[in-house]
Amino acid sequence: MQSATTVPTPLPRAFFTGPTLRVARTLLGCVLCHRVGHGIRRGRIVEVEAYTDDPASHARNARRTPHNAVMFGPPGHAYVYFTYGMHFCFNIVTEPDGKPGAVLLRGLDGLEHANGPARLCRAMHIGRVHNGLDLTTSDLLWVEPGHRRRGERIVRTTRIGIRMAQDLRWRFYLLGSPGVSKRDVTAEKRTG
DNA sequence: CACACGATGCGCT
DNA sequence: GCGCATCGTGTGG
């Protein structure tokens with residue numbers, strides 16, 4: 001049990017510098033933290049997707065634009081974008097500086113209505129102002145180490161809501177977690 | 001400058 | 001399963 005006055009212990013930059021797929025898997029079980037008002041809002045990460053310079057990514061063709069520039073920057077920063085005229089999505093930048101990569105957070109446990117990337121942002125009060133924020137040095141928004149429970153399995157399946165590269169199984173979630181936005185029963189059987 | 005459309009979610013059929 | 005809200009961005013004329 002942690003006291004309310006505990007100083008943040010954010011995951012260090014080295015955690016996010018690795019290959020996007022590995023960082024994505026490793027983020028499962030970690031805890032996203034945001035100071036909101038007088039308290040800290042926390043959610044356990046239970047569903048993620050990896051994006052690099054693949055055809056479904058905002059950094060497709062490794063093409064850098066003002067909009068996706070954060071994805072090319074140093075790891076451990078927040079990449080927040082606005083979509084469908086009303087929703088925000090929250091990513092964490094991966095890979096060494098100069099190489100594009102990010103992990104989209106799609107589901108949290110421990111909060112109501114934090115399943116799905118847009119609802120996650122609403123539940124965590126994350127928005128446009130957080131784009132580019134360094135999560136490894138900020139005392140406002142950060143990620144803390146977590147753990148997977150004994151026997152807790154990772155399901156590996158395809159990403160959601162994209163048209164390109166639908167064959168890639170770059171979505172990962174924790175089996176049985178209520179914060180998962182969309183289950184894949186077939187993939188769960190493969191998991192065992 | 002016009003326009004198509006999206007890493008979504010909600011309500012209705 | 002389908003339509004739609006609502007707007008920033010990329011692309012093409």
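To find a chain, count down the sequence lines: A is the first, B the second, and so on, and within it residues start at 1.
- In this structure, Phe82(A) reaches the sugar-phosphate backbone alone: every heavy-atom distance under 4.0 Å involves primed, P, OP1 or OP2 atoms, never a base.
- The structure places OH of Tyr51(A) at 10.5 Å from CZ of Arg60(A), a figure rounded to the nearest 0.5 Å.
- Pairing partner, dG3(C): dC10(B), with both Watson-Crick or wobble hydrogen-bond distances short of 3.5 Å.
- With rounding to whole Å, Arg60(A) atom CZ is found 14 Å from dT9(C) atom P.
- Here dG8(C) is the nucleotide among dA7(B), dG9(B), dG8(C) with the atom lying nearest to any side-chain atom of Arg128(A).
- Comparing dT11(C), dA7(B), dT9(C) by their nearest atom to the side chain of His67(A) picks out dT9(C).
- Two rings, from Phe90(A) and His130(A), have their centers 6.0 Å or more apart.
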Grab the N/O contacts between the protein and nucleotides 10-13 of chain B below 3.5 Å, and write none if there aren't any.
{"from": "dC10(B)", "atom 1": "OP2", "to": "Arg119(A)", "atom 2": "NH1", "distance (Å)": "2.2"}

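- A cation-pi arrangement is absent between Arg153(A) and Tyr173(A), since the terminal nitrogen or guanidinium carbon is not both under 6.0 Å from the aromatic centre and inside a 45° cone about the axis.
- Proximity of Arg163(A) to the phosphate of dG6(B): a side-chain N or O atom is located under 4.0 Å from OP1 or OP2.
- Nearest heavy atoms, Leu120(A) versus Leu32(A): CD2-CD2, 4.5 Å.
- Atom CZ of Phe88(A) and atom P of dT6(C) are 15 Å apart (whole Å).
- If you take CG of Asp53(A) and P of dA7(B), they are 16 Å apart, rounded to a whole angstrom.
- If you check every strand for non-hydrogen atoms under 4.0 Å, Met71(A) touches a base.
- Counting to the nearest Å, the P atom of dG8(C) and the OH atom of Tyr84(A) are 16 Å from each other.
- Arg22(A) places no side-chain N or O within 3.5 Å of a backbone atom of Pro19(A) that could act as its donor or acceptor partner.
- Distance Leu168(A) CG to dA7(B) P: 15 Å, rounded to the nearest Å.
- Relative to the side chain of His87(A), the nucleotides dG6(B), dA7(B), dG9(B) differ in distance, and dG9(B) lies closest.
- Taking side-chain N and O atoms only, Thr83(A) has no distance below 4.0 Å to OP1 or OP2 of dA7(B).
- Summarising the geometry, the separation between CZ on Arg171(A) and P on dT8(B) is reported as 11 Å, rounded to the nearest angstrom.
- In this structure, of dA7(B), dT8(B), dC7(C), it is dA7(B) that holds the atom nearest to the side chain of Leu104(A).
- Counting to the nearest Å, the P atom of dG8(C) and the CE atom of Met86(A) are 12 Å from each other.
- A salt bridge links Arg13(A) with Asp134(A): at least one charged nitrogen is closer than 4.0 Å to a carboxylate oxygen.
- Side-chain to base pairing of Tyr81(A) with dA7(B): one donor and one acceptor N or O lie within less than 3.5 Å of each other.
- Note on Ala56(A): a base of the nucleic acid sits closer than 4.0 angstrom, heavy atoms only.
- A distance below 6.0 Å separates the ring centres of His58(A) and His67(A).
- Phe90(A) places its CZ atom 16 Å from the P atom of dG9(B), with the value rounded to the nearest Å.
- Of the residues Phe15(A), Phe16(A), Trp142(A), the one that meets the side chain to side chain contact (heavy atoms under 4.5 Å, CB included) test with Thr136(A) is Phe16(A).
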